[in-house]
Each structure stands twice: as C-alpha cells, then as structure tokens.
Amino acid sequence: MKLARIRTHTGVVPAMIDVDGNARDLSRHVHDITPATTSARALAALARVDVAGLPLIAGEYAPFLSDVRRVFCIGLNYSDHAKESNLPIPDFPILFMKSCPVSGANDPITIPKGSHKTDWEVELGVVIGAETLHVSEETALDQVAGYFVANDVSERAFQSEFGGQWTKGKSCDTFGPIGPWFVTKDEVPDPQSLDMYLDVNGMRCQTGNTSTMIFPVKKIVAFLSGFMTLRPGDIIITGTPPGVGMGMKPQKFLRPGDVVTLGIEGLGDQRQDVRAFE
Ligand code: ZN
C-alpha cells in the first residue's frame, strides 16, 4: 500500500496510489494521513479499501504525513560515503536532527542566502508506526510502518565550517523533500536490498544499494530506542551512499536552474528544481 497526500485546489487530500501509479482520493475513508494512520490497526483498515474503486485525483505531492514531528538522521552510514568524506567508519550510528519542515517530493530546493555548498543525499527513510522504547534488533522492524525516499539536502559549509553540530547545515528551508508516498512495510520485505540513485541535470551522481549500510534499519531503530521513545509520525533517514558533491574531485554543488532527480527501487522517484534565494 502506498499512501500520499495531494495538494488540490480545495486543499490537501489523502490518497492511495494504485498499481499504475495514479493517486486515488481516500477522503471517504480517512480525513488525512496523520501520525495515527501509521498504526498497524489503522493500516490494516486501509488495506481493506478497494483502491481501484476510488476516484482519481490530480495535483502535486504534499508531504505524505500531515505532521512529521521529528526527523532523525543517521550520518556516514555507508562505508564508501564515509571514505569520500575523509571520515572514519563510525563505531555507532551517528545521530543528528533535521529541523526544517519536510516538503513534497517534487517541491523546489532553494539555495540559502550565502550558500556556495548546497549538496544532495539520496536516502532510505523509515516511518515509525508505534511507541518504541528499548526494542531489540530482532523486533525493531515490527515498530516500522513503512519506507520512503528522502533527499537529505545539505549545506556543507553551514554543516562543518561554522563550529558545533551538523544540524545548521541540514535544516535550511526546503531541505527536507520526502516521498512522493510512503510504502507500507508489507511491500518492502527486505529494506536492506534496495537500489538507489540520484542524478543532477540527468548525470548520474549517486548509485547505491541499502545492502551496503554499515548499520541496517533494525540496528538503527533498536539503537535510538535505547535512549528515547520513538513515536508514530517520527521519521528516520538512514544515510547516503557515495556520490555527493562534496566528495567529487573537483567538488560540485547545486546551482540555480539545476534539476535533481532521485529514487529508490519500489519506493518511487523525486524531482526538484533548484532555485536562488530571493
Ligand atoms: Zn544524510
């Protein structure tokens, strides 16, 4: 099951995506896709809906959840990416937070004022679907509602050249595209075997597979739950494979007019136009 939210001229409408990739109006069954929708019980009820019988709707993709409360991020989670960043392979998952509002999959990226190093990161995202505290790796995936594509847009100078933590280089406005939808976990039997890619202006920059994560999803969920309660509506983005602009020789960063396209096998694709700050 693929769940989305569509911006229409009458407002944001909850949607289910059919086998052909078309959005179907789900508003007769739920008023919105909310953190509560991620529970196993709510998803089981929606799984009984006949998607082909729902009306088609057109519009842009909004973020697939009405209220993403926290965006947890894992850094340097692919060994080749750690190498291109000239940083050692971490002993534990590296946690940081992204505090900008999430945006729709095809919403534009605005280069922040003063930025010269706006960069891209295709990532597997995880939607938490239950209160999660002190879970084991063996049961961690039971707490997951589904998976999605994310672009962890990053400003490398803001991230690393002004002291302190990475958050300030990760949280600029428009730096949180997610979606276009989230795919329930029953359709993703193995989150550690998914191909992923990212192109800039049609040129392939990132090619990866979630099989090369240093810390797999179950390990990340268990690790975070050892410190704090994860809640429905929280999302985790799990790190990026090699091929970011920072790691290129010479380095390459986004410019106004660029187009970024990215996707993950079975989870959909995103497309972002890059704009100047105004
Ligand atoms: Zn990242």
Side-chain angles (χ1 to χ4, degrees), residues 71-98 117-127 135-138 140-141 144 147-161 165-167 169-170 175-178 185 188-200 203-227 230 235-254 260-267 269-270:
V71 183
F72 296 96
C73 310
I74 304 300
L76 302 177
N77 197 27
Y78 288 76
S79 53
D80 290 355
H81 175 57
K83 190 177 175 199
E84 74 175 348
S85 305
N86 290 315
L87 291 165
I89 289 179
D91 296 325
F92 301 100
I94 294 176
L95 173 66
F96 63 93
M97 304 300 290
K98 198 170 181 79
K117 297 185 179 179
T118 296
D119 203 347
W120 53 83
E121 296 189 346
V122 59
E123 305 204 6
L124 173 67
V126 177
V127 180
V135 293
S136 66
E137 281 184 50
E138 289 69 31
L141 296 187
V144 169
Y147 300 94
F148 62 93
V149 180
N151 187 355
D152 180 16
V153 186
S154 304
E155 215 296 337
R156 302 302 184 192
F158 296 4
Q159 179 180 347
S160 310
E161 298 174 15
Q165 300 180 331
W166 292 354
T167 302
K170 298 285 190 172
F175 274 22
I178 59 169
K185 68 180 170 194
V188 188
D190 181 6
Q192 305 305 145
S193 67
L194 306 175
D195 284 327
M196 55 212 297
Y197 77 93
L198 183 144
D199 294 347
V200 177
M203 189 188 84
R204 183 58 43 94
C205 294
Q206 292 191 272
T207 304
N209 186 287
T210 56
S211 62
T212 64
M213 281 186 187
I214 298 167
F215 304 107
V217 173
K218 63 182 180 183
K219 173 86 179 182
I220 292 167
V221 172
F223 180 77
L224 296 186
S225 84
F227 305 107
L230 306 176
I235 63 176
I236 306 168
I237 60 176
T238 57
T240 200
V244 300
M246 175 181 63
M248 293 181 170
K249 292 183 178 63
Q251 292 184 331
K252 176 177 161 60
F253 297 108
L254 294 174
V260 183
T261 48
L262 59 148
I264 299 178
E265 178 184 3
L267 302 185
D269 301 278
Q270 303 186 348

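- D195 contributes no side-chain N or O that, together with a main-chain N or O of N209, makes up a donor-acceptor pair within less than 3.5 Å.
- Here the CD1 atom belonging to I94 is positioned 8.0 Å from the CD1 atom belonging to I214, to the nearest 0.5 angstrom.
- Other residues, nucleotides and ligands contribute at most 12 non-hydrogen atoms within 6.0 Å of the NZ atom of K218.
- Between P242 and Q206, the shortest heavy-atom contact is O-CG, 3.3 Å.
- Taking all atoms of both residues into account, the shortest heavy-atom contact from V126 to F148 is N-CE2, 3.4 Å.
- Considering every non-hydrogen atom in both Y197 and V122, the closest pair reads O-CG2, 3.7 Å.
- Across all non-hydrogen atoms, the minimal contact from Y78 to G239 is CE1-O, 3.3 Å.
- V260 places none of its side-chain heavy atoms less than 4.5 Å from the side chain of D199.
- Residues V71 and M97 form no side-chain contact, since every pair of their non-hydrogen atoms from C-beta on lies 4.5 Å or further apart.
- Using a 4.5 Å heavy-atom threshold, the side chains of T167 and K98 count as separate.
- The two residues I264 and V149 come nearest to each other via the heavy atoms N-CG2, 3.8 Å.
- You'll find the side chain of P177 reaches within 4.5 Å of the side chain of V153, heavy atoms only.
- Listed for the S225 side chain is a donor-acceptor partner under 3.5 Å among the backbone atoms of V135.
- The aromatic rings of F96 and W166 sit perpendicular to each other, their planes meeting at more than 60°, with 30° as the lower class boundary.
- With rounding to the nearest 0.5 Å, the separation of CD1 in I220 from CG in L230 is 11.5 Å.
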Practice item. Could you please spell out the steps behind the side chain to side chain contact (heavy atoms under 4.5 Å, CB included) verdict for M196 and T210? Key: CA-CA 8 Å; M196 55 212 297; T210 56; 3.9 Å; yes

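- One distance of note links CD of E123 with CD1 of I236; it measures 12.0 Å at 0.5 Å rounding.
- The side-chain hydrogen bond (donor to acceptor under 3.5 Å, both in side chains) check on Q165 picks up nothing, with sequence neighbours excluded.
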Point to revise | Stepwise side chain to side chain contact (heavy atoms under 4.5 Å, CB included) test for L76 and H81 | key: CA-CA 6 Å; L76 302 177; H81 175 57; 4.0 Å; yes

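- One finds the CG atom of N77 at 10.5 Å from the CD1 atom of I89 (value rounded to the nearest 0.5 Å).
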Practice item. Would you sort out whether E155 and K117 count as a salt bridge (Lys or Arg N to Asp or Glu O under 4.0 Å), showing the intermediate values? Key: CA-CA 5 Å; E155 215 296 337; K117 297 185 179 179; over 6 Å; no

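- Closest approach of V244 and E121 over heavy atoms only: CG1-CG, 3.8 Å.
- Listed by chain and number, the residues in a salt bridge (Lys or Arg N to Asp or Glu O under 4.0 Å) with E265 amount to none (sequence neighbours excluded).
- The CH2 atom of W120 sits 10.0 Å away from the CG atom of N151 when rounded to the nearest 0.5 Å.
- Side-chain contact check for L124 versus L194: some heavy-atom pair is nearer than 4.5 Å.
- The side-chain heavy atoms of F223 and F92, taken from C-beta on, include a pair separated by under 4.5 Å.
- You'll find the side chain of L267 reaches within 4.5 Å of the side chain of V188, heavy atoms only.
- A donor-acceptor pair is defined here as one N or O able to donate and one able to accept, closer than 3.5 Å; no such pair exists between the side chain of D119 and the backbone of F253.
- The distance from the OG1 atom of T118 to the CG atom of L254 is 6.5 Å, given to the nearest 0.5 Å.
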**Study point:** Verdict with reasoning, C205 to M248, per side chain to side chain contact (heavy atoms under 4.5 Å, CB included)
**Key:** CA-CA 9 Å; C205 294; M248 293 181 170; 3.6 Å; yes

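- No side-chain donor-acceptor contact under 3.5 Å links Q270 and T261.
- A donor-acceptor pair is defined here as one N or O able to donate and one able to accept, closer than 3.5 Å; no such pair exists between the side chain of S160 and the backbone of A157.
- Side-chain contact between F72 and I235 is absent, with no heavy atoms from C-beta onward closer than 4.5 Å.
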